[in-house]
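What follows is one structure encoded as structure tokens, with my remarks underneath.
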Protein chains: 2
Amino acid sequence: MRSFLQIQTYHDPDSSNKDINRDYEGVLVAGQPLQISLENLAPSLDTFVTFKTRGEVEVYSSTNQLISLQTPVPVEQVSEISLIARTFSDRLKDRSLEITFHTGAGHQLSQATLHLTCLRICLDVDADRDGIIEENNPHKKDWQWGINGHGAVLLVNKDCDVVNSDGQDNDVQDNLKGLLDLKDLSFMIVRRVGLKNLPDGCEVYLSVNQDIAKRIRIYDELDKNGDELIGAKITKAKIIDTDRDILLAVEGLSYPDADFNGIVEITLNLMKDGEIIGSDRVVFRVAPWMMTPNTLSPINVFVSRLSNGSNEEFIEELRKVVGKANAQLDPVPFEFHQDDPWMRDEIEIGYTQGPGRFMHVILDSPRDRGLDHLAKRHLMGTDFGYIIRKSCEEVTKLDSFGNLEVSPPVTVKGVNYSFGRIIFGGTRAEIIEKTRRKLKVLRDFFFAQEIQAPFEIFSDWLSVGHIDEFMNFIGAASPKGFKLILASPDKCYELLKRLRNEGHSQALLRQGKQLDDKPADISVADVLDNEELALNNQRFQKYINWNREVLKQELDLGEEDIIELPTLFRDDGEGRAKSFFPNTVNMVVLNQHLAIPKPFGPKANAQCQFEAYVKGVLEPLGKECHFIDDWDTYFREGGEIHCGTNTSRQPFPQKWWEIEPKFLK
Amino acid sequence: MRSFLQIQTYHDPDSSNKDINRDYEGVLVAGQPLQISLENLAPSLDTFVTFKTRGEVEVYSSTNQLISLQTPVPVEQVSEISLIARTFSDRLKDRSLEITFHTGAGHQLSQATLHLTCLRICLDVDADRDGIIEENNPHKKDWQWGINGHGAVLLVNKDCDVVNSDGQDNDVQDNLKGLLDLKDLSFMIVRRVGLKNLPDGCEVYLSVNQDIAKRIRIYDELDKNGDELIGAKITKAKIIDTDRDILLAVEGLSYPDADFNGIVEITLNLMKDGEIIGSDRVVFRVAPWMMTPNTLSPINVFVSRLSNGSNEEFIEELRKVVGKANAQLDPVPFEFHQDDPWMRDEIEIGYTQGPGRFMHVILDSPRDRGLDHLAKRHLMGTDFGYIIRKSCEEVTKLDSFGNLEVSPPVTVKGVNYSFGRIIFGGTRAEIIEKTRRKLKVLRDFFFAQEIQAPFEIFSDWLSVGHIDEFMNFIGAASPKGFKLILASPDKCYELLKRLRNEGHSQALLRQGKQLDDKPADISVADVLDNEELALNNQRFQKYINWNREVLKQELDLGEEDIIELPTLFRDDGEGRAKSFFPNTVNMVVLNQHLAIPKPFGPKANAQCQFEAYVKGVLEPLGKECHFIDDWDTYFREGGEIHCGTNTSRQPFPQKWWEIEPKFLK
């Protein structure tokens with residue numbers, strides 16, 4: 001940037017004309033010193049000079065001393081001076097600097113007069129995060145985490161980036177649709193530059209770099225058509241109304257991702273004759289997408305209402321639990337699910353947030369089965385944002401969001417994960433052939449949000465491959481604040497052996513139920529005598545134990561933080577696991593109310609012993625266990641209540657920008 | 001509101017037909033108990049009854065005990081029951097209560113089945129003041145001050161009420177103008193009622209009372225025309241889309257005033273067959289208009305640029321001070337002031353604020369001279385709101401806003417006025433004939449804002465009648481945090497007498513200046529020898545002293561909190577006071593920089609002794625005194641720098657709703 005006024009040599013070396021008075025024009029930028037060299041102006045360095053100003057402008061020496069006006073000084077002492085003005089001009093050339101050269105005896109040799117116009121280049125945002133744009137916040141140019149941090153926040157109103165494996169984004173051509181759209185936009189003010197008609201050659205531009213232009217849109221408040229000033233291929237916009245403050249609305253288009261760290265820099269430049277002579281800059285951070293753990297209160301529970309009516313009773317039983325939890329049940333009609341019951345798998349309902357702004361945001365899975373249109377057609381509306389990540393790579397069951405969880409807030413070795421940690425399942429190559437893993441576009445997206453520090457565990461040993469088949473979280477009044485629930489074949493065998501020892505070996509599991517078109521009843525004795533089942537479950541237990549260790553380490557859990565529920569798996573024929581009876585781990589947690597798949601366990605004293613076990617470990621934590629029969633619609637099809645529902649939850653009371661995430665690079 | 005289901009007598013007393021099975025339909029309101037009497041249903045009170053439910057509904061006895069289902073109970077024990085459901089129905093009659101009467105031996109006598117649909121009536125606002133609408137905040141129905149208080153806040157976007165003395169408001173017919181308008185609106189959500197087609201006879205209405213309808217407008221987010229749902233003569237709006245959340249924007253039209261306490265109640269009612277059967281309610285408080293004391297940092301200083309160029313030099317001198325204070329000078333062109341120089345008198349620049357929302361708001365004086373169009377035409381735009389109060393009563397000079405100040409924050413006898421106290425001048429009837437007072441519409445408006453607890457002092461002794469002619473405030477690092485500056489004829493006489501004693505009796509006041517087309521020079525001796533002038537100044541000093549006592553009491557000031565500056569007044573011919581020389585009290589305070597009318601006092605040791613005095617008392621407080629010649633344009637016309645300028649300032653860092661104003665009724 002120019003901070004040096006070039007003054008052309010006017011002094012004719014062949015002449016010694018002492019009466020030359022020359023006039024120059026210059027532009028000052030408010031608050032920005034402008035350096036001037038007297039070397040070419042002065043008749044010689046051994047003369048004296050006197051400065052005189054008109055209007056709001058101060059003259060400093062090269063050592064930053066205010067130079068006394070109308071007092072002769074030897075030129076050699078002030079061969080470099082700088083001018084500073086702090087207020088914009090409302091009229092052209094409203095201030096001036098008169099430089100008079102004279103002899104020691106006071107005889108005038110020559111005079112140069114600089115006629116100056118001062119322009120202000122100031123772009124303002126809400127850098128202190130109170131929802132209100134302040135005046136020229138000194139911290140507006142950088143972004144700091146923390147309660148005492150600073151930096152403006154930008155929300156993504158609607159993220160429609162479709163990232164393909166070739167790295168190309170689809171362009172989205174859109175303009176502001178109506179009043180509602182503006183609600184979640186951030187604002188920015190271009191402060192009055194000064195006067196309407198700028199000095200010759202001066203222009204003011206707002207600009208972003210080419211990458212940022214794809215990731216935001218900037219709108220002028222007064223454009224009724226809602227056409228963007230900046231966005232897509234427009235990286236630069238001229239500011240026309242330079243004699244008033246201009247309010248601009250800014251919209252984010254991209255969440256942070258592998259190729260975008262979320263930082264948006266916007267620059268305001270004053271150009272003179274094609275050169276930048278003044279500049280201001282603001283920085284926004286795009287708010288991350290965040291997930292909500294089970295410890296946050298539920299708002300709405302979504303479930304597909306299937307067209308054959310097969311889950312009507314299930315819905316009404318679930319509704320009772322939802323009602324007790326003070327939430328609402330939202331049964332989704334056929335047109336939005338096409339009889340796809342796996343509500344968990346198609347969407348993850350998270351949120352995004354800025355100062356005074358909040359939006360639930362649905363991450364749409366690339367799974368794209370019957371529920372594919374739910375997010376866009378049904379849920380996306382008032383305050384529901386939308387994200388999708390797609391890929392040319394093959395989508396597997398691991399890309400469904402039953403294979404995506406977030407822990408409650410947790411401190412691990414002194415590092416505070418105030419918003420919990422995202423967990424998703426992948427593979428361990430050494431274990432199973434033809435391994436599966438979550439798509440890179442999804443993994444990249446989760447990691448790029450930063451704030452919930454994701455980690456990957458091992459779910460590929462399951463036929464469906466979702467972590468919600470063997471783990472879950474519930475809140476607890478323990479020092480940790482929550483318990484990790486794990487499926488446990490070992491615990492199941494232990495329980496069944498005890499039952500046999502107590503004389504209940506003929507008690508039936510899965511009594512009166514059908515599986516694979518056959519009666520599913522099986523006695524305690526028959527289960528225990530099935531060696532292949534035992535061997536498989538030992539294998540599956542090992543995989544769970546491997547995950548158990550990873551989870552203990554990544555969440556810093558003690559044994560007292562883990563609750564194991566009796567579970568059995570069977571081999572799906574390809575070495576992977578399927579539930580043997582409805583899997584109680586796959587519960588929905590709604591405050592203290594737990595909607596748990598009815599396990600149809602063996603009865604003793606007229607009581608299902610699996611239910612009794614679950615109640616025995618969860619009721620002491622203040623939980624109410626509601627066992628719901630999900631056999632026909634869900635269990636038989638390979639899932640449970642958690643897989644068949646989705647829950648929007650209250651956001652964290654804490655704001656993401658108020659933490660200082662030590663775990664971030 | 002109905003909470004009792006009327007079930008018509010179905011039992012035919014002439015018959016003892018025990019097989020009668022009757023069906024009824026009913027509507028439940030989510031979360032609201034519905035009482036049912038069995039007296040008319042039961043064949044007799046000595047029979048037994050068994051309840052059975054379908055769907056999410058619970059049955060309670062009159063003593064609030066959950067009634068066991070499918071268990072016979074003597075009817076007399078449960079002659080009154082109540083039903084409660086918590087989740088809305090997404091289908092008609094999705095739940096039911098079956099009431100079976102039978103003998104003790106179990107012989108069925110009759111049966112009644114209630115087919116029930118449950119609707120939710122829930123209206124939500126940002127009651128916790130974080131800028132985000134929460135779900136069913138339990139405090140949404142009342143409004144409490146304080147950091148731990150609650151209650152939503154509504155901003156007045158543009159107050160155009162013209163209150164005439166006949167009490168009639170002019171109607172303002174307006175709709176939303178564009179995107180910008182929405183920025184300062186508050187939002188409200190009508191939660192999903194349940195299903196699209198409500199049960200027969202059911203309708204949901206949003207409503208306000210007739211008075212409130214004049215004071216707000218409610219807009220539907222999706223109405224592109226921006227026509228209001230509620231406002232002016234529309235007190236009621238039907239909610240059509242009952243199967244989704246609806247976001248509504250709410251705009252205030254009236255600031256609190258004598259006839260409006262600022263509280264806005266909005267009700268959502270469920271009507272069935274013309275009767276209200278369910279209801280929810282939210283309360284907003286309209287944000288008050290607030291003034292900014294001198295202790296807040298300046299943003300812009302406004303001054304009329306007069307067409308004859310007479311104040312050009314003044315503007316440039318003022319600009320230098322404004323620049324040092326890091327503010328901007330905004331010289332207003334002729335078209336907006338018509339050569340009216342009294343920028344202070346036509347407008348007062350205050351602000352209004354809600355969570356995450358802020359607007360400078362200009363109160364336009366009913367003075368209405370040349371500057372009348374400034375506010376509406378020039379300033380009102382981005383983030384500048386507008387208020388005017390007019391009256392059929394005669395407007396006097398006391399209605400100008402030179403006669404309106406606000407103290408810095410102050411604690412008075414344990415009561416904390418965190419935003420200072422508004423002060424305006426009026427009369428004391430015993431003192432002067434033909435008394436003047438601020439218009440009642442203005443006084444009422446100031447008092448109705450509550451938060452800056454106004455009080456009235458005595459300014460009618462001045463010809464122009466403005467309190468800024470004898471008082472001012474500057475910040476100070478004292479326990480009080482500020483000093484009251486008072487004009488003091490006594491101090492002036494003291495100083496002049498000292499000068500005479502020191503041999504400067506021929507030193508000239510007002511040297512080289514013109515007043516009333518005559519040279520204004522006058523010697524120290526001549527001033528001291530003028531008995532009439534002395535007598536008048538004794539009288540004026542008494543009035544100042546009277547105000548001094550009121551200010552000491554109302555602001556709990558000690559003598560150490562008051563600084564007196566030498567001032568002289570002269571009689572205007574009608575017994576009222578005019579300044580004798582430029583009045584240094586009428587300074588503009590810009591952070592530590594003070595723009596002070598150059599007093600043209602008598603010189604001793606080549607130094608103006610008035611300036612020396614002012615510097616002597618203000619520089620120790622860290623202030624920089626900048627004396628500016630305002631003689632010709634301002635002083636000669638009856639005002640000074642403060643009268644000729646206006647200043648927008650930063651808002652208080654504290655939010656008005658976070659205080660607990662003990663002084664409020």
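None of the values given here were measured: they were computed from a predicted structure. Below, read A as the first sequence line, B as the second, and so on, with proteins coming before strands; counting in each chain starts at 1. Every heavy atom of this structure was used, including side-chain atoms; hydrogens, water molecules and symmetry mates were not.
Neither the backbone nor the side chain of Ala85(A) comes within less than 4.5 Å of any heavy atom in chain B. Contacts of Glu317(B) with chain A are absent, with no heavy-atom separation under 4.5 Å from either backbone or side chain. When heavy atoms are compared at a cutoff of 4.5 Å, Glu134(B) does not approach chain A at all. At a 4.5 Å heavy-atom cutoff, Arg54(A) makes no contact with chain B through either its backbone or its side chain. Only the side chain of Arg120(A) comes within less than 4.5 Å of a heavy atom of chain B; its backbone N, CA, C and O stay farther away. Interface remark: Pro331(B) contributes backbone and side-chain atoms alike to the contact with chain A (heavy atom separation under 4.5 Å). Both the backbone and the side chain of Asp94(A) come within less than 4.5 Å of a heavy atom of chain B. With a threshold of 4.5 angstrom between heavy atoms, Ile299(A) approaches chain B through side-chain atoms but not through N, CA, C or O. For Gln650(A), the part lying near chain B is the side chain, with the backbone staying farther off; criterion is any non-hydrogen pair under 4.5 Å. Interface remark: Glu313(A) contributes no atoms to any contact with chain B (heavy atom separation under 4.5 Å).
In terms of heavy-atom pairs under 4.5 angstrom with chain A, the leader among Lys320(B), Glu316(B), Arg319(B) is Arg319(B). Counting heavy-atom pairs under 4.5 Å between each of Gly194(B), Ser297(B), Gly131(B), Pro355(B) and chain A puts Gly131(B) at the top. Top candidate by heavy-atom pairs under 4.5 Å with chain A, chosen from Glu58(B), Arg86(B), Glu56(B), is Glu56(B). For chain B, the option among Gly31(A), Gly356(A), Ala327(A) with the highest count of heavy-atom pairs below 4.5 Å is Gly356(A).
A donor-acceptor contact shorter than 3.5 Å is absent between the side chain of Trp656(A) and the backbone of Ala287(A).
Under 4.0 Å is where a charged nitrogen must lie from a carboxylate oxygen, and between Asp126(A) and Arg357(A) no such pair does. The existence of a salt bridge linking Arg305(B) and Asp90(A) is confirmed by a sub-4.0 Å separation between a basic side-chain nitrogen and an acidic carboxylate oxygen. Using a cut-off of 4.0 Å between Lys/Arg side-chain N and Asp/Glu carboxylate O, Glu135(B) and Arg191(B) are scored as salt-bridged.
Here the closest non-hydrogen pair linking Met343(B) and Leu374(B) is SD-CD2, 3.5 Å. Taking each heavy atom of Ser307(B) and Phe334(B) in turn, the nearest pair found is CB-CD1, 3.8 Å. Pairing each heavy atom of Leu92(A) with each of Asn197(A), the nearest pair is CD2-O, 4.0 Å. The shortest heavy-atom contact between Thr87(A) and Leu329(B) is CG2-N, 4.4 Å.
Within 6.0 Å of atom NZ in Lys196(B), more than 12 heavy atoms from other residues, nucleotides or ligands are found, so the atom counts as buried in its surroundings.
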